[in-house]
Amino acid sequence: MTTIHQPDTNGTAAVDHRGLRVLEFDECLRRVASAPVGRVAFRDGGEILVLPVNHVADGVAVTFRTTWGSKLAATVRDEPVAFEVDGYEDNARVGWSVLVKGTASVIDDEATCARLEEELGEPWIGPSEESFWIRLRPDEVSGRELVHTRSIGHCC
């Protein structure tokens with residue numbers, strides 16, 4: 001079941017314990033779709049690996065392509081994985097982050113794979129004959145945004 005964050009009862013956006021604005025579910029999905037590169041985290045041989053991926057938002061799922069020989073291919077065993085994407089404006093000191101947690105599996109449908117290929121366009125590392133698509137089915141989606149600037153004080 002996907003976690004959906006709702007605004008608080010007075011109609012303003014919810015904030016977390018640090019004052020960051022909590023992004024609602026639909027806004028999280030829009031942010032995932034807006035960024036061309038995210039990072040997928042998964043366990044491989046007892047270690048946690050985090051790798052950048054070009055991705056396509058497909059409904060509530062995150063999809064990305066990899067090759068059979070890659071460490072990322074380990075995610076296809078319905079293992080827990082996480083996907084994170086973010087954006088920021090350094091000069092304005094604002095930014096956001098979305099985290100998607102769930103399980104990954106291979107996409108077997110050729111029509112779906114063709115559609116995703118078209119949506120992705122040319123990946124940054126170029127095409128690969130041995131590639132296949134992975135779908136991350138979310139169990140939890142959460143996002144935060146720093147919407148205000150704070151002045152930096154000097155200590156001591």
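Atom set for the values below is all heavy atoms of this structure, side chains included, hydrogens, waters and symmetry mates excluded.
Taking CZ of Phe25 as the reference point, atom CZ of Arg30 lies at 11.0 Å (rounded to 0.5 Å). Here CG of Leu23 is found 12.0 Å from CG of Leu99. Values are rounded to the nearest 0.5 Å. In this structure, CG in Asp108 is found 10.5 Å from CZ in Phe132, a value given to the nearest 0.5 Å. Here Arg65 contributes atom CZ and Cys113 contributes atom SG; the two are 10.0 Å apart, rounded to the nearest 0.5 Å. Here the OG atom belonging to Ser97 is positioned 9.5 Å from the CZ atom belonging to Arg144, to the nearest 0.5 angstrom.
Contact detail for Gly143 and Cys28: the closest heavy-atom pair is N-SG, 3.5 Å. Looking at every heavy atom in both residues, Ala61 comes nearest to Pro138 through CA-CD, 4.1 Å. Contact detail for Ser131 and Glu117: the closest heavy-atom pair is OG-OE2, 4.4 Å.
With hydrogens and angles disregarded, a donor-acceptor distance shorter than 3.5 Å links the side chain of His55 to the backbone of Ala35. At least one donor-acceptor pair under 3.5 Å links the side chain of Asp109 to the backbone N or O of Thr112. Using modelled atom types, one side-chain atom of Thr63 and one backbone atom of Val56 make a donor-acceptor pair closer than 3.5 Å. With hydrogens and angles ignored, the 3.5 Å screen pairs a side-chain donor or acceptor of Asp16 with a backbone N or O of Gly19.
Residues Leu136 and Val100 form a side-chain contact, since some pair of their non-hydrogen atoms from C-beta on lies under 4.5 Å apart. Contact annotation: the side chain of Val98 never approaches that of Phe83 to less than 4.5 Å [non-hydrogen atoms, C-beta and beyond]. With a 4.5 Å cut-off on side-chain heavy atoms, Ser105 and Arg137 count as touching. Within the 4.5 Å cutoff, the side chain of Val62 has heavy atoms near those of the Val32 side chain.
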* Asked: Hey, mind stepping through Leu116 and Ile107 against side chain to side chain contact (heavy atoms under 4.5 Å, CB included) and telling me if it holds?
  -> CA-CA 10 Å; Leu116 294 171; Ile107 300 173; 3.6 Å; yes
* Please test Asp86 against Arg39 for salt bridge (Lys or Arg N to Asp or Glu O under 4.0 Å), starting from the C-alpha separation and ending with a verdict. => CA-CA 9 Å; Asp86 54 42; Arg39 288 160 296 285; 2.7 Å; yes
* **Test log, rule side chain to side chain contact (heavy atoms under 4.5 Å, CB included), inputs Thr66 and Ile134** => CA-CA 8 Å; Thr66 191; Ile134 295 176; 3.6 Å; yes
* Does the side chain to side chain contact (heavy atoms under 4.5 Å, CB included) test come out yes or no for Phe64 and Arg135, once each step is laid out? -> CA-CA 7 Å; Phe64 49 90; Arg135 174 180 288 118; over 6 Å; no
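No hydrogens or angles considered: nothing links the side chains of Thr103 and Glu79 as a donor-acceptor pair under 3.5 Å. For the residue pair Glu27 and Trp96, no side-chain donor N or O sits within less than 3.5 Å of a side-chain acceptor on the partner.
A salt bridge links Asp58 to Arg115: one of the charged nitrogens lies within less than 4.0 Å of a carboxylate oxygen.
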